[in-house]
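Have a look at the structure below before the remarks.
Just so we're clear, the structure is a prediction, and the values are computed from it rather than from any experiment.
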Amino acid sequence: MNKKAFFCDGTDNYVIPSEPGPLEMVEFLFRTAAGDVDKVSLCSRNQTFEMTKRETKGGFDYYHIFMEMGKDTFVYYFQIQKGEEVAYYDQSGSTYGYREEYAFKICPGFSTPDWAKGAVMYQIFTDRFNNGDPSNDVLDREYCYINEHVKKIEDWDQYPAESDIRNFYGGDLKGVWDKLDYLQDLGVEVIYFNPLFVSPSNHKYDIQDYDYIDPHYGVIVKDEGRVLKKNELDNRKATKFQKRVTDFRNLEASNKFFADLVAEIHRRGMKVIIDGVFNHCGSFNKWLDKELIYEGKVGFEPGAYVTSDSPYRDYFDFANNDEKEWPHNDTYDGWWGHSTLPKLNYEASKELEDYILRIGQKWVSEPYNVDGWRLDVAADLGHSSEYNHSFWKKFRKAVKEANPNAIVLAEHYGNPQPWLMGDEWDTVMNYDAFMEPVTWFLTGMEKHSDSENFGMRGNADAFVASMTYNMARYTTSSLQVAMNELSNHDHSRFLTRTNHFVGRLGKASPEDANNNVNKAVMREAVVMQMTWVGAPTVYYGDEAGVCGFTDPDNRRTYPWGHEDKELIAFHRDMIRIHRENKTLKTGSIKMLTSQWGVLAYARFDKENQIIVIVNNSDSLKQVTVPVWQAECPMKGSLRRLVYTYEKGYTTEHEEFLIMDGEIVVNMGSHSALVLKNMGY
């Protein structure tokens, strides 16, 4: 049997419909070489169903069968026979036996939003993107955060400090609005914002008030009071800060501005995802009020830190719940022991659970109409796995009832499968099945730049094995909307990883992150990002050449006025190629060949075939690629869409001949080539 001809996946090329409902009839297809096998069967659990040959086309036979879905997850694989020879096929490809972890899976009733499938996303860390309204900037000594005053950074281009959490550069939502033309021209389809709600830190993962956009990002219409004196650390005296973040005129004005911004983004044909931090809040949070800034304010109940009579007492898990510990009970549980990040105690408070579910609905509904949530440390929420899954089922139901087209996307490391069974998350930030394998293959660096492994750089076998293993943990619907990032706010900038410098701020200087970077490797990475399965997500500034070690150095400001314009142009061209070819959003993927330093894979559907070749080595490589496996003709030609090389890239037209189902290409060092079958 020609096992290289075997193919099936979960796309709508082979599963029709690919997102069926319960009790719906589904047609399954399986591909073999024409006239090559005697029998193909679909196997599910302990049952085997023989398929029939539907058609012969382009050198392939396509077998099919109709199956009625139940209400539970449908698990299946294929058995292929020729004479006495028997083979099996699952998500790992051709195999010699059934392996449950690689079986195909369909969750009847589960679908992900069509707009998110392969959508080009752009992540914005708001304080560092653009300052559009200086009047809402955090001021020097406006308040105290973790025993030190906050600071306004006057030099936009100044590198982040080693201890950067209190430093504010002034980026805001008006700054984003001012740059929508830029984002639209780049080709962005979705903007993902790091947290926007009232919070004291610049990263805002310590939420102070889930109901309101931070006026430092929005609008300050009532600005009174004073900042702290040099020797003051008591936020009860930070009256300017209190006015800014507790006066409902500022809070409502900021919410309205955000609603108007989302409406404008939607008018331009883009979507918005916001960050939900629901595992923990912040010690400044109005429910706890450890800083005593809400005490006595009209419209706010007393915090659980302040008094045992607080209506929010059960929102937190106090180690010492004795009445004598109040006022100012600081024995609450902090996430990973951080007192600034009090863990929310859902199991003890139905009111808390209901509140957060309402927040989940609020921001995807009128007048805000955001298009989805990114969920911070989502697997940590609650005190048990049972409650965690129970909560996310409720959260998904609440969000989808309010906005059926909203996406529920979680931060997660490791196997996400338990949450991706159709009734919790839609998908995850794709570390294991994108960022990590791509980083190791192209740079040999760990994603924080904490270590280097020479045996991983260029190791195509390790790349293929990792991708195969981790992609099998997703359904196709989840994989197509997974957030495929090269960099983000938690890891080093990808461009910095190309210099192979192991280090972080404190032990290394910011300049060490800039030196000896390799933009040719960065271009390879972007080609893979824009042609792999999932939603390619650009971390603000990556397209402009921003470097940086891991947090906080990865949170440098966008370099307005001294951008790397060539790299921006390259991103714009790759995004255009991605958007112009639906195949790159929802098509099948197949690895065609791999050798040390070289990968070739295809994205294809019924109409189009796209071939991607990457040479991540220091030398010229001649690569033979069996494009027939991607349903290209045995004889014909492919047209070049883009070729990247050491010194740049080109999108000029060039034809590559197919002979006997193969192409032979010469790939320069650190290069990438994207070809398309033009059908003639």
**Asked** Minimum heavy-atom separation for Thr496 to Ala513, with atom names?
**Response**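 For Thr496 and Ala513, the tightest heavy-atom pair comes out as OG1-O, 2.8 Å.
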**Smallest separation among heavy atoms of Ile407 and Lys400, with atom names** =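 Answer, listing the atom of Ile407 first, then Lys400: CA-NZ, 4.4 Å.
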**Prompt:** Yes or no on side chain to side chain contact (heavy atoms under 4.5 Å, CB included) for Val438 and Asn484, after CA distance, side-chain angles and deciding distance?
**Reply:** CA-CA 10 Å; Val438 170; Asn484 287 352; over 6 Å; no
[Y] backbone acceptor or donor facing [X] side chain under 3.5 Å:
| X | Y | result |
| --- | --- | --- |
| Thr557 | Phe129 | no |
| Asp172 | Asn131 | no |
| Asn388 | Leu381 | yes |
| Gln242 | Arg236 | yes |

Indicate yes or no: does [X] engage [Y] in a salt bridge with an N to O separation below 4.0 Å.
| X | Y | answer |
| --- | --- | --- |
| Asp181 | Arg268 | yes |
| Asp423 | Arg396 | no |
| Lys256 | Glu252 | no |
| Asp137 | Lys152 | yes |
| Asp223 | Arg244 | yes |
| Asp209 | Lys286 | yes |
| Asp164 | Arg128 | yes |
| Arg555 | Asp553 | no |
| Asp211 | Lys362 | yes |

**Message:** Working note: Met270 + Val188, criterion side chain to side chain contact (heavy atoms under 4.5 Å, CB included); need CA distance, chi angles, decisive distance, verdict.
**Reply:** CA-CA 7 Å; Met270 296 184 281; Val188 171; 4.2 Å; yes
**Message:** Among Tyr346, Trp287, Tyr332, exactly one meets ring-ring contact (aromatic ring centres under 6.0 Å, His included) together with Tyr315. Which residue is that?
**Reply:**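 Testing each of Tyr346, Trp287, Tyr332 against Tyr315, the sole residue satisfying ring-ring contact (aromatic ring centres under 6.0 Å, His included) is Trp287.
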**Item:** Sole residue of Trp425, Phe395, Phe110 in ring-ring contact (aromatic ring centres under 6.0 Å, His included) with Trp419
**Value:**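 Between Trp419 and the candidates, ring-ring contact (aromatic ring centres under 6.0 Å, His included) is satisfied uniquely by Trp425.
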**Message:** salt bridge (Lys or Arg N to Asp or Glu O under 4.0 Å), that's the test. Do Lys204 and Asp376 meet it? Break it down for me.
**Reply:** CA-CA 11 Å; Lys204 300 199 177 300; Asp376 185 61; over 6 Å; no
Can you tell me how far apart [atom1] ([X]) and [atom2] ([Y]) are? Round to the nearest 0.5 Å.
| X | Y | atom1 | atom2 | result |
| --- | --- | --- | --- | --- |
| Lys179 | Lys174 | NZ | NZ | 10.5 Å |
| Asp309 | Glu301 | CG | CD | 11.0 Å |
| Gln123 | Thr126 | CD | OG1 | 9.5 Å |
| Asp551 | His203 | CG | NE2 | 7.5 Å |
| Lys117 | Lys585 | NZ | NZ | 11.5 Å |
| Asp114 | Gln480 | CG | CD | 9.0 Å |

**Message:** Tell me if the NZ atom of Lys393 is crowded by more than 12 foreign heavy atoms within 6.0 Å.
**Reply:**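 Counting other residues, nucleotides and ligands, NZ of Lys393 exceeds 12 neighbours.
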Measuring only between side-chain heavy atoms, which start at C-beta, is [X] closer than 4.5 Å to [Y]?
| X | Y | answer |
| --- | --- | --- |
| Phe168 | His216 | no |
| Leu505 | Tyr159 | no |
| Asp247 | Glu224 | no |
| Asn202 | Tyr169 | no |
| Leu233 | His149 | yes |
| Asn430 | Trp532 | no |
| Glu563 | Trp560 | yes |
| Asn403 | Asn369 | no |

Tell me whether the centres of the aromatic rings in [X] and [Y] are closer together than 6.0 Å.
| X | Y | value |
| --- | --- | --- |
| Phe257 | Trp177 | yes |
| Tyr205 | Trp335 | no |
| Phe278 | Tyr210 | yes |
| Tyr558 | Tyr540 | no |

**Request:** Report the residues that fulfil salt bridge (charged side-chain N to carboxylate O under 4.0 Å, His left out) with Arg313, sequence neighbours left out, ordered by chain and then residue number.
**Result:**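 By the salt bridge (charged side-chain N to carboxylate O under 4.0 Å, His left out) rule, Arg313 matches Glu323.
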Any idea how [X] and [Y] line up, ring-wise: parallel (<30°), tilted (30 to 60°), or perpendicular (>60°)?
| X | Y | result |
| --- | --- | --- |
| Phe248 | Phe300 | parallel |
| Tyr305 | His328 | parallel |
| His491 | Tyr431 | perpendicular |

**Message:** Checking side-chain polar atoms at under 3.5 Å, does Asn130 have a donor or acceptor matched by the opposite partner on Tyr182?
**Reply:**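 Result is no, nothing qualifies.
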**Asked** Passes side chain to side chain contact (heavy atoms under 4.5 Å, CB included), Leu186 versus Ile568? Steps please.
**Response** CA-CA 8 Å; Leu186 190 63; Ile568 290 174; 4.2 Å; yes
